[in-house]
Amino acid sequence: MAAAIAVALLAAFLTPLLFYLLATRAKNPLPANLPPGSLGLPVIGHSLGLLRAMRSNTGERWLRDRVARYGAVSKLSLFGAPTVFVTGAAANKLVFGSDALAPKQPRCLPLILGRRNILELAGDDWRRVRGAMMQFLKPDTLRRYVGAIDAEVTRHLDAEWSAPAGRRKTVAVLPLMKLLTFDIIATLLFGLERGAVRERLAAAFADMLEGMWSVPLDLPFTTFRKSLRASARARRVLEATLREKKARLERGESSPADDLVTCLASLRGDDGKQLLTDEEIVDNAMVVLVAGHDTSSVLMTFMIRHLADDPDTLAAMVQEHEEIARNKAEGEALTWEDLQSMRFTWRVALETLRMIPPIFGSFRRALEDIEFDGYVIPKGWQVFWASSVTHMDPGVFKDPEKFDPSRFEIPAPPYSFVAFGGGQRLCAGIEFARVETLVTMHHLIRRFRWKLCSRENTFVRDPMPSPLHGLPIELEYIGVASPRKSS
Ligand code: HEM
């Protein structure tokens, strides 16, 4: 019965789409010099093949096979739209630099995050929203929050990782890292204290994520419907938070530097009006929650996974962090200056991101016919970029399968390392991610050693890389940390 309903729904959904595609193709004949490759079956195209490969952790190979067969530019069909897949530094430059390409997200994203979220915006609207967010996320502002992030990390480690003296403890790393990054965002960016409101946001957010990448069918019992409802609950919390922040600002009880939401609410345009609308502030708080939560938690999880089996890298990191700790008083919080000394640790993070980029790739939409590499990308088509093929290209990164942080002693060639994207849409949260990663790794390395519980060291992409069972590790407390002096 359920299967019959699903088939009927699918037919109802696909048939008009098929007619639409045939009609538009008849109206706009395709240019002759399209990239090589086939568009596959109508509508279904190559989506199932790619998704299956990602779930079995062969997504990178799936793309590499395409490149071996067709070259760095090829056509295919993904998620119901004709697509050109591009890879390599020149293609990345096009993706991140060309005004003829606009961002394009899966259809479910604006429905869940809100239509005024930065990922949907272009032109002046994008510049205004990005500029406002960077007021808080730029290094000059973030340097003031290192102590607060340090406090959040040590509190988290005390509560979730530590075991009674002499006892070993097993933890699953990924869920804990997600909890930590959620807590850091809730405190630092939303200024939400621990308690019922924050727990309501955490619960709504967890439900919302489940349907984030699902088929956007708003029908009873679909994951997407559940996600939409959870998104409405999360928005209600953020709207109430914004109202409270605005009231406090008006009463002179807070400062724009308190948190991202207060900062955005305080900004004024030339006309003296609030620079971002309330809707924009809430939509972009939702983006920050999603963009900043899964990505950094995945990075730290895979660093921990790698360090368990790489004693040389671990030893070099231990040395770096011991030197920093030597110059600090007992329990003293880290500072911005300390983070600048964590060069090796950040190179380990970059190498981890090169080999396992949390964001597999994403889409753009051609606003006009674009000529690239001797082919035409027709107006209206999707462009799909993926970081992994460039990251694993031996012509760019020698011995790409080897984990070698020293390769980042000099900057990678332009548009070759794209884990954070590139160009004007470069990740807005790089500095934030760098601060939370370095602070967390410092305290973990000073307190614990660990080994992997499972020898089956694989992961799947869903679409974020997720290690088997959340990466269970056995922790040994080495007891060098001491109670904090300041926060
Ligand atoms: C290891 C951590 C992170 C990685 C690997 C990462 C990766 C990326 C990538 C690849 C993009 C570009 C997507 C595209 O061009 O299609 C992006 C954009 C973005 N990221 Fe991150 N991100 C990370 C952490 C964060 C954090 C912590 C925040 C917020 C605090 C954040 C906020 C954003 C925002 C707002 C954008 C959109 C920028 C724009 O369109 O102008 N990210 N990120």
Side-chain angles (χ1 to χ4, degrees), residues 86 92-98 101-106 109 113-114 116-123 125-139 141-142 145 149 177-178 180-182 184-190 259-261 263-264 280 283-303 346 348-365 382-388 390-391 415 417-441 463-465:
V86 292
N92 293 337
K93 188 172 175 195
L94 171 84
V95 167
F96 298 122
S98 168
L101 289 169
K104 179 177 190 297
Q105 305 303 326
L109 227 64
L113 298 180
R116 298 298 295 169
N117 85 70
I118 189 168
L119 306 170
E120 290 295 311
L121 301 179
D125 276 351
W126 168 76
R127 264 184 288 279
R128 181 174 48 84
V129 170
R130 169 125 185 162
M133 290 171 86
M134 292 315 291
Q135 285 292 322
F136 195 85
L137 293 173
K138 65 183 177 193
T141 311
L142 285 183
Y145 297 94
I149 293 183
M177 285 301 168
K178 288 189 176 196
L180 172 63
T181 50
F182 177 85
I184 293 177
I185 290 174
T187 305
L188 266 286
L189 300 185
F190 300 163
D259 54 72
L260 174 74
V261 174
C263 173
L264 295 180
E280 284 170 344
D283 287 4
N284 288 293
M286 299 279 280
V287 169
V288 160
L289 197 48
V290 172
H293 170 263
D294 267 3
T295 46
S296 309
S297 53
V298 163
L299 165 62
M300 292 190 276
T301 299
F302 279 90
M303 283 175 84
W346 187 237
V348 173
L350 295 178
E351 182 65 342
T352 307
L353 288 168
R354 181 186 69 82
M355 296 185 83
I356 307 172
I359 299 198
F360 187 78
S362 76
F363 292 92
R364 298 287 192 270
R365 183 170 48 89
Q382 292 186 139
V383 173
F384 173 45
W385 68 272
S387 40
S388 61
T390 321
H391 286 185
Y415 295 103
F417 174 73
V418 287
F420 289 106
Q424 56 178 4
R425 289 224 171 222
L426 184 74
C427 172
I430 290 190
E431 275 307 313
F432 195 81
R434 193 176 75 91
V435 174
E436 57 186 356
T437 303
L438 294 177
V439 171
T440 306
M441 294 318 294
M464 292 290 173

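Given the structure is predicted, the values throughout are model-derived calculations rather than measurements. Both ligands and their constituent atoms are indexed starting at 1 by order of listing.
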Task: Atoms in ligand 1 flagged as close to Ile118, the criterion being non-hydrogen separation under 4.0 Å - done: 39 (C), 41 (O)
Task: Polar proximity ligand 1 side, Arg130 side, N/O cut 3.5 Å exclusive - done: yes
- [ ] Please name the pair of heavy atoms, one in Phe302 and one in Thr352, separated by the smallest distance, quoted to 0.1 Å.
- [x] CB-CG2, 3.7 Å
Open item on the list: Below a 4.0 angstrom heavy-atom separation, can you tell me which part of Trp126, side chain or backbone, both or neither, approaches ligand 1?
Closed with: side chain
Open item on the list: Please report the interatomic distance CG(Leu142) to CD(Glu431), rounded to the nearest 0.5 Å.
Closed with: 6.5 Å
TODO: List the closest protein heavy-atom neighbour of atom 30 (C) of ligand 1: residue, atom name, distance to the nearest 0.1 Å.
DONE: Phe432 CD2, 3.9 Å
TODO: Mark yes when over 12 heavy atoms from residues, nucleotides or ligands other than Arg128 sit less than 6.0 Å from its CZ; otherwise mark no.
DONE: yes
Open item on the list: My understanding is that we take every heavy atom of each candidate and find the minimum distance to atom 5 (C) of ligand 1. Doing that for Ala419, Ser387, Ala122, Gly292, which one comes out nearest?
Closed with: Ala419
TODO: Run down the list Ala291, Ala433, Pro103 and name the one with the heavy atom closest to atom 25 (C) of ligand 1.
DONE: Ala291
Task: Proximity to ligand 1 by part of Thr437, non-hydrogen separation under 4.0 Å - done: neither
Open item on the list: Below 4.0 Å from ligand 1: does a non-hydrogen atom of His293 turn up there or not?
Closed with: no
TODO: Please report the shortest heavy-atom distance between Ala419 and Leu353, naming the atom on each side.
DONE: CB-CB, 3.8 Å
Open item on the list: Suppose I only count heavy atoms of Ile359 and a 4.0 Å limit; which atoms of ligand 1 are within that range?
Closed with: 7 (C), 8 (C), 9 (C)
Task: N or O pair under 3.5 Å between Arg425 and ligand 1 - done: yes
Open item on the list: How far is atom 22 (N) of ligand 1 from the closest protein heavy atom, and which atom is that?
Closed with: Cys427 SG, 3.1 Å
- [ ] Using the six-membered ring wherever Trp is involved, compare the ring planes of Tyr415 and Phe96 and label them parallel, tilted or perpendicular (cut-offs 30° and 60°).
- [x] parallel
TODO: Report the member of Thr295, Leu137, Ile184 with the shortest heavy-atom distance to atom 3 (C) of ligand 1.
DONE: Thr295
- [ ] Would you indicate which of Phe420, Phe363, Phe136 comes nearest to atom 9 (C) of ligand 1 when only heavy atoms are counted?
- [x] Phe420
Open item on the list: Working to the nearest 0.5 angstrom, can you tell me the gap between Met300 CE and Thr181 OG1?
Closed with: 6.0 Å
- [ ] Check for a donor-acceptor pair, side chain of Asn92 on one end and backbone N or O of Gly97 on the other, with a separation under 3.5 Å.
- [x] no
Open item on the list: Counting C-beta onward and ignoring hydrogens, is there a side-chain heavy-atom pair between Thr437 and Met303 closer than 4.5 Å?
Closed with: yes
Task: ligand 1 atoms in contact with Ala428 (distance to a heavy atom under 4.0 Å) - done: 19 (C), 20 (N), 33 (C), 34 (C), 35 (C), 36 (C)
TODO: If you have a sec, work out which protein heavy atom is nearest atom 28 (C) of ligand 1 and how many Å separate them, to one decimal?
DONE: Gly429 CA, 3.5 Å
Task: Which of the ligand 1 atoms, numbered from 1, are nearer than 4.0 Å to a heavy atom of Ser362 - done: 14 (C), 16 (O)
Open item on the list: Please give me the minimum heavy-atom distance between Ile118 and Met133, naming the atom from each residue.
Closed with: CD1-SD, 4.0 Å
TODO: Just jot down the ligand 1 atoms closer than 4.0 angstrom to any heavy atom of Arg364, in number order.
DONE: 14 (C), 15 (O), 16 (O)
Task: Per-atom contacts of ligand 1 with Leu119, taking only distances under 4.0 Å to non-hydrogen atoms - done: 37 (C)
- [ ] Decide yes or no for Lys178 and Phe182: does some side-chain heavy atom of the first lie under 4.5 Å from some side-chain heavy atom of the second?
- [x] no
- [ ] Please tell me if the side chains of Phe432 and Leu189 come closer than 4.5 Å, counting only heavy atoms from C-beta onward.
- [x] yes
